[in-house]
Structure formats: C-alpha cells, structure tokens
Student: 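Next up is a structure, given as structure tokens.
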Amino acid sequence: MDVFGEHWRDHASRMAAAWDSSVSLEDTVLLPGDLSWGIDLEESRADLEWIGARPGRKILVRGNHDFWWGSLRRLRAALPEGCEALQNQAVEAAGRVVVGARGWISPDDPAATPRDAPIFLREIERLRLSVRDADRRFGREAPRVAMLHYPPWIEGRPPTELVRVLQEAGVTDCVYGHLHGEDHAMGVRGMREGIRFRLVSADAVGFAPALVAGAAA
C-alpha cells in the first residue's frame with residue numbers, strides 16, 4: 001500500500017500494534033471492506049489470517065476490491081476463527097444489531113456509468129435483506145449500527161437511497177470506508193438526518209481502531 005503515499009509505509013505492523021493494544025477478546029471489530037488485494041481465497045489467505053490473528057470478534061463486509069469474496073459457503077468455510085462475513089443478514093454484537101452491505105456508486109453520481117445502476121439497486125436490496133433479518137431475529141429494541149463499504153452520502157449532493165433505507169431501519173450509527181487521501185472530504189460525517197456517519201478508512205482513522213460513537217469503552 002505504500003505506493004499510495006509515504007503515510008502508508010509499514011501500515012500493517014502499525015495497524016497490528018494499535019489493534020492489539022486497544023481491542024480485547026470480548027470486543028467486536030467492524031471491517032468495512034477492501035481487506036485484501038488477493039484475487040481469490042488462496043491469494044488472500046495471508047491477509048485473512050492476519051485479521052484472524054487480531055483480538056476480538058471480527059465482522060467483515062465486502063469492498064469493491066475484494067475479488068476473493070465469492071460464494072458465501074466457500075468464504076465462510078475459509079475464514080479464520082473469530083471472523084464472520086456480513087451479507088444479506090444481520091448480527092448481534094456488543095448489545096447492538098449490525099446490518100450492512102457493500103453499497104455502490106449512486107447512479108446520479110457524475111462519475112457513474114450505465115453499468116453502475118443495476119449494481120447499486122442490488123446493493124440496496126442486500127441492505128434491505130439485512131434489515132429484514134434484523135427485524136425477524138432481533139426486533140427493534142437494541143440500537144442499530146450499519147456497516148457499508150461505499151459512502152452512502154457524498155458532501156454537496158442529496159443523500160442516496162441507501163440513507164432512506166438506513167433511516168427506515170432505525171439505524172443510529174453508520175460506518176463506511178472506500179475513501180482515501182484527499183477524497184476523505186467527500187464523505188458525509190457527523191450527525192445528519194438522525195444518523196451519525198463515520199468514515200473509517202484506515203488512513204482516515206490513523207491506522208488504529210475507531211470506537212463507534214455511543215459504544216461502551
């Protein structure tokens with residue numbers, strides 16, 4: 001990753017040191033995608049084992065560069081102990097219910113192409129499936145956290161349909177990644193429309209775990 005700038009140099013060891021010193025075995029860590037450059041499970045094995053070796057329960061969502069993320073059956077069989085793939089369902093963790101999806105570039109984004117629209121719609125449906133699973137299994141009593149890879153809202157633009165789904169689902173906090181470097185400024189952050197948004201790309205949080213707002217220390 002250091003090809004993307006000097007600040008990425010030795011990032012893996014810095015991330016491991018920060019993670020290992022601040023996360024306990026009882027904690028839950030949300031990992032919103034772009035977790036390995038491997039093109040298949042075999043190529044990504046070392047990266048997944050690195051994640052598995054860190055303390056805590058790890059919940060993973062797919063990023064746009066996670067080409068190794070294919071069949072859920074094969075993926076879940078290959079994940080190290082303590083790692084869980086979040087796709088089309090919800091999980092309960094630390095007194096909260098976590099829903100999520102990868103997301104995608106919105107069709108009304110200036111950079112979008114006609115090929116992006118069906119992918120975006122599919123990701124909306126995957127988020128809805130996750131919310132329905134949360135409703136069915138956990139009800140609506142516990143606070144809800146959403147984990148996406150793509151930002152659901154870009155500064156200076158209207159919120160995407162994903163934000164409406166999050167609002168209807170009763171989500172109070174949303175974490176996302178995808179944006180790096182100067183693009184950090186593009187992502188909506190802070191409290192908006194009743195949801196607290198947080199950009200947690202590795203370089204946006206100083207290569208150290210960031211506490212989800214409202215979570216117990």
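Numbers here are sequence positions counted from 1. Keep in mind that the numbers below use all heavy atoms, side chains included, and drop hydrogens, waters and symmetry copies.
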Student: Would you say Leu31 and Trp68 are hydrophobically clustered, going by side-chain heavy atoms of ILVMFWY under 4.5 Å?
Tutor: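 Yes; Trp68 is reachable from Leu31 via cluster members.
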Student: Under a 4.0 Å N-O cut-off, is there an ion pair linking Arg128 with Asp135?
Tutor: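 Salt bridge absent between Arg128 and Asp135.
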Student: So which atom in Pro143 and which in Gly95 form the shortest heavy-atom distance, rounded to 0.1 Å?
Tutor: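 Taking every non-hydrogen atom into account, CD-O, 3.6 Å.
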Student: Tell me whether Arg14 contacts the main-chain N or O of Arg9 through its side chain, where contact means a donor paired with an acceptor under 3.5 Å.
Tutor: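 Indeed, once roles are kept as given, a pair shorter than 3.5 Å links the two residues.
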Student: Can you name the residues that form a side chain to side chain contact (heavy atoms under 4.5 Å, CB included) with Leu86, not counting sequence neighbours?
Tutor: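 Partners of Leu86 under the side chain to side chain contact (heavy atoms under 4.5 Å, CB included) test: Ile59, Gln89, Val91, Val98, Met147.
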Student: Between Ile119 and Ile154, is there shared hydrophobic-cluster membership here, with clusters defined by ILVMFWY side-chain heavy atoms closer than 4.5 Å?
Tutor: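 Shared cluster, yes.
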Student: Between Trp19 (side chain only) and Pro55 (backbone N and O only), is there a donor and an acceptor less than 3.5 Å apart?
Tutor: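 Such a contact is found between Trp19 side chain and Pro55 backbone.
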Student: Sequence neighbours left out, what passes side chain to side chain contact (heavy atoms under 4.5 Å, CB included) with Ser201? Give chain and number order.
Tutor: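 Residues passing side chain to side chain contact (heavy atoms under 4.5 Å, CB included) with Ser201: His180, Leu199, Asp203, Ala204.
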Student: Who are the side-chain hydrogen bond (donor to acceptor under 3.5 Å, both in side chains) partners of Glu182, not counting sequence neighbours?
Tutor: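 Glu182 satisfies side-chain hydrogen bond (donor to acceptor under 3.5 Å, both in side chains) with no residue once adjacent residues are dropped.
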Student: Where is the tightest heavy-atom contact between Leu72 and Ala85, given as atom of each residue plus distance?
Tutor: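 Shortest heavy-atom contact: CD2-CB, 4.2 Å.
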Student: Is the shortest heavy-atom distance from the side chain of Ile51 to the side chain of Pro80 under 4.5 Å?
Tutor: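 Counting from C-beta outward, Ile51 and Pro80 never come under 4.5 Å.
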Student: So which atom in Val97 and which in Ala142 form the shortest heavy-atom distance, rounded to 0.1 Å?
Tutor: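 Minimum heavy-atom separation between Val97 and Ala142: CG2-CB, 4.1 Å.
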Student: Please work out whether the ring planes of His149 and His178 are parallel, tilted or perpendicular, with thresholds of 30° and 60°.
Tutor: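 Perpendicular.
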Student: Rounded to the nearest 0.5 Å, what separates atom OG1 in Thr28 from atom NZ in Lys58?
Tutor: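 The distance works out to 10.0 Å.
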Student: For Asp183, which residues count as a side-chain hydrogen bond (donor to acceptor under 3.5 Å, both in side chains) partner, sequence neighbours excluded?
Tutor: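 Asp183 satisfies side-chain hydrogen bond (donor to acceptor under 3.5 Å, both in side chains) with no other residue.
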Student: Which pair of heavy atoms, one from Pro107 and one from Ala117, lies closest together, and at what distance?
Tutor: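 Shortest heavy-atom contact: CG-CA, 3.8 Å.
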Student: Kindly compute the distance separating CG (Asp27) from CZ (Arg54), expressed to the nearest 0.5 Å.
Tutor: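 Output value for this atom pair is 14.5 Å.
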Student: Taking side chain as C-beta onward, heavy atoms only, is Met186 less than 4.5 Å from Glu155?
Tutor: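 They are not in side-chain contact.
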Student: Quick one: CZ on Arg196 to CG on Asp173, what's the gap to the nearest 0.5 Å?
Tutor: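 If I round to the nearest 0.5 Å, the distance is 5.0 Å.
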Student: Taking only residues at least two apart or on different chains, which pairs with a member in residues 108-120 satisfy salt bridge (Lys or Arg N to Asp or Glu O under 4.0 Å)?
Tutor: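 Checked against salt bridge (Lys or Arg N to Asp or Glu O under 4.0 Å) - neighbours excluded - the pairs reaching residues 108-120 are Asp109-Arg157.
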Student: So, using side chain to side chain contact (heavy atoms under 4.5 Å, CB included) as the criterion, who are the partners of Val163 when residues are at least two apart?
Tutor: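 Applying side chain to side chain contact (heavy atoms under 4.5 Å, CB included) to Val163 gives Pro152, Trp153, Pro159, Thr160, Gln167, Phe197.
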Student: Is there a continuous path of hydrophobic side-chain contacts, each under 4.5 Å between heavy atoms, that joins Phe207 to Val23?
Tutor: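 Yes, because Phe207 and Val23 connect within a single hydrophobic cluster, where side-chain heavy atoms sit under 4.5 Å apart.
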Student: Would you say Met15 and Val29 are hydrophobically clustered, going by side-chain heavy atoms of ILVMFWY under 4.5 Å?
Tutor: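 Yes; tracing contacts between hydrophobic side chains, which count when under 4.5 Å, links both residues.
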Student: My understanding is that only residues two or more places apart in sequence, or in another chain, count here; which of them pass side-chain hydrogen bond (donor to acceptor under 3.5 Å, both in side chains) with Ser13?
Tutor: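 Residues passing side-chain hydrogen bond (donor to acceptor under 3.5 Å, both in side chains) with Ser13: Asp10.
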Student: What distance do Gln87 atom CD and Leu127 atom CG have between them, rounded to the nearest 0.5 Å?
Tutor: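 So the gap between those two atoms works out to 12.0 Å.
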Student: Got a sec, which residues hit side-chain hydrogen bond (donor to acceptor under 3.5 Å, both in side chains) with Asp47, two or more places apart in sequence or on another chain?
Tutor: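 For Asp47 the side-chain hydrogen bond (donor to acceptor under 3.5 Å, both in side chains) partners, ignoring immediate neighbours, are Ser36.
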Student: Might you point out which heavy atoms bring Ala210 and Arg198 nearest each other, and give the distance in Å?
Tutor: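 Heavy atoms only, the tightest pair is CB-NH2, 3.6 Å.
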Student: What's the spacing between Arg57 CZ and Leu25 CG if we round to 0.5 Å?
Tutor: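 Atom-to-atom, Arg57:CZ and Leu25:CG are 14.0 Å apart.
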Student: Does Arg74 CZ have over 12 foreign heavy atoms under 6.0 Å away?
Tutor: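 Result for CZ/Arg74: open.
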Student: Are the side chains of Leu148 and Pro32 in touch, meaning some heavy atoms are under 4.5 Å apart?
Tutor: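 In short, these two side chains do not touch, never coming nearer than 4.5 Å.
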Student: Using a 4.5 Å cut-off on heavy atoms from C-beta on, say whether the side chain of Leu41 contacts that of Leu48.
Tutor: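 With C-beta onward as the side chain, the pair touches.
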Student: Compare every heavy atom of Val99 with every heavy atom of Ala134, then report the nearest pair and how far apart it is.
Tutor: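 Scanning both residues completely, I find the closest heavy atoms to be CB-CG1, 3.8 Å.
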Student: How long is the gap from CG on Leu60 to CG on Leu75, to the nearest 0.5 Å?
Tutor: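 Interatomic distance, Leu60 CG to Leu75 CG, rounded to 0.5 Å: 8.0 Å.
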Student: List for me each residue that meets salt bridge (charged side-chain N to carboxylate O under 4.0 Å, His left out) alongside Glu125, sequence neighbours excluded, and say none if there are none.
Tutor: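 Once residues adjacent in sequence are excluded, the partners of Glu125 under the salt bridge (charged side-chain N to carboxylate O under 4.0 Å, His left out) criterion are Arg132.
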Student: For Arg137, which residues count as a salt bridge (charged side-chain N to carboxylate O under 4.0 Å, His left out) partner, sequence neighbours excluded?
Tutor: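 Listed in chain order: Asp133.
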Student: Does the Asp66 side chain pair with the main chain of Leu35, one donor and one acceptor, at a distance under 3.5 Å?
Tutor: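 Side chain of Asp66 to backbone of Leu35, a donor-acceptor pair under 3.5 Å: yes, one is there.
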Student: Ring-plane angle category for His65 and Trp37, please: parallel below 30°, perpendicular beyond 60°, tilted otherwise.
Tutor: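 Taking Trp37 first and then His65, their aromatic rings sit tilted (interplane angle of 30° to 60°).
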Student: With sequence neighbours excluded, what pairs up with Arg102 under the salt bridge (charged side-chain N to carboxylate O under 4.0 Å, His left out) test?
Tutor: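 Once residues adjacent in sequence are excluded, the partners of Arg102 under the salt bridge (charged side-chain N to carboxylate O under 4.0 Å, His left out) criterion are Glu123.
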Student: Hey, does Trp104 have a side-chain heavy atom less than 4.5 Å from the side chain of Ile124?
Tutor: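 No. Closest side-chain heavy atoms not under 4.5 Å.
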Student: May I have the step-by-step check of side-chain contact (heavy atoms from CB on, under 4.5 Å) for Phe138 and Arg96, ending in yes or no?
Tutor: CA-CA 10 Å; Phe138 306 118; Arg96 285 160 175 75; over 6 Å; no
Student: Where do Leu162 and Tyr150 land on the side-chain contact (heavy atoms from CB on, under 4.5 Å) test, with the steps shown first?
Tutor: CA-CA 10 Å; Leu162 288 167; Tyr150 277 82; 5.9 Å; no
Student: Run the side chain to side chain contact (heavy atoms under 4.5 Å, CB included) test against Glu81 and tell me which residues pass, sequence neighbours left out.
Tutor: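 None.
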Student: State plainly whether one hydrophobic cluster holds both Leu166 and Val175, where clusters connect Ile, Leu, Val, Met, Phe, Trp and Tyr through side-chain heavy atoms under 4.5 angstrom apart.
Tutor: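 No; tracing contacts between hydrophobic side chains, which count when under 4.5 Å, never links both residues.
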